[in-house]
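Basis for what follows: all heavy atoms, side chains included, without hydrogens, waters or symmetry-related copies.
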Amino acid sequence: MKLKIEIKKILKGDKPTKAYANIVFDNGFVVHGVGICQNEKGRFVTFPQISWKKDGVEITKSVCHPISSSAREEIEEALFEAYEQAKNN
């Protein structure tokens with residue numbers, strides 16, 4: 001899979017979210033608003049979500065996400081690499 005990562009915003013401060021990125025897949029599909037996060041357990045990625053209330057209970061579902069661990073690893077590796085490059089420039 002060919003990935004193009006665009007780091008859109010690097011955040012300052014102590015919150016877990018460190019940056020937001022867009023991912024272009026195979027020059028044909030884009031996902032906006034992917035979060036690059038870090039906490040005491042390590043780095044992780046968050047994908048866009050949608051929330052709504054049903055019967056007074058808030059429900060949150062992912063809009064999109066990898067469906068295999070190998071795809072997740074490939075995406076995370078590309079995101080973390082792009083983040084490090086953007087952070088150091």
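With rounding to the nearest 0.5 Å, the separation of CG in Asp14 from CD in Gln38 is 11.5 Å. How far CD1 of Ile75 is from CG of Leu3: 6.0 Å, rounded to the nearest 0.5 Å. Atom CD of residue Gln49 and atom NE2 of residue His65 lie 10.0 Å apart, to the nearest 0.5 angstrom. One finds the NZ atom of Lys8 at 14.5 Å from the OH atom of Tyr20 (value rounded to the nearest 0.5 Å). From Ile23, atom CD1 reaches atom CZ of Phe47 across 5.0 Å, with rounding to the nearest 0.5 Å. Rounding to the nearest 0.5 Å places CD1 of Ile7 at 11.0 Å from NZ of Lys87.
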Residue pair Ile59, Lys61: steps toward the side chain to side chain contact (heavy atoms under 4.5 Å, CB included) verdict
CA-CA 7 Å; Ile59 299 170; Lys61 297 281 186 178; 4.2 Å; yes

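Linking ILVMFWY side-chain heavy atoms closer than 4.5 Å, directly or via other members, places Met1 and Val24 in two distinct hydrophobic clusters. Under the 4.5 Å side-chain heavy-atom criterion for ILVMFWY residues, a single connected hydrophobic cluster contains both Tyr83 and Phe25.
Between the side chain of Asn22 and the backbone N or O of Glu6, no donor-acceptor pair lies under 3.5 Å. Of the possible polar contacts, one joining the Asn39 side chain to the Lys41 backbone as a donor-acceptor pair under 3.5 Å is found. Put simply, the side chain of Ser68 gets close to the backbone of Ala71: a donor and an acceptor are under 3.5 Å apart.
Within 6.0 Å of the CZ atom in Phe80, the count of heavy atoms belonging to other residues, nucleotides or ligands exceeds 12. Glu77 CD: 12 or fewer foreign heavy atoms inside a 6.0 Å radius. Within 6.0 Å of CG in Asn88 there are more than 12 heavy atoms belonging to other residues, nucleotides or ligands.
Here the shortest heavy-atom pairing between Cys37 and Thr46 reads SG-CG2, 3.9 Å. The minimum heavy-atom distance linking Ile5 with Ala21 is given by the pair CG2-CB, 4.3 Å. Pairing each heavy atom of Glu76 with each of Val45, the nearest pair is CG-CG2, 3.6 Å.
Looking at Pro48 and Cys64, their side chains come closer than 4.5 Å, going by heavy atoms from C-beta outward. Side-chain contact check for Ile36 versus Phe44: every heavy-atom pair is 4.5 Å or farther apart. Using a 4.5 Å heavy-atom cutoff, the side chains of Leu79 and Val34 are in contact. Side-chain atoms of Leu11 and Lys18, non-hydrogen and from C-beta on, never get closer than 4.5 Å to each other. Trp52 is not listed as a side-chain neighbour of Val57, based on a closest heavy-atom distance of 4.5 Å or more.
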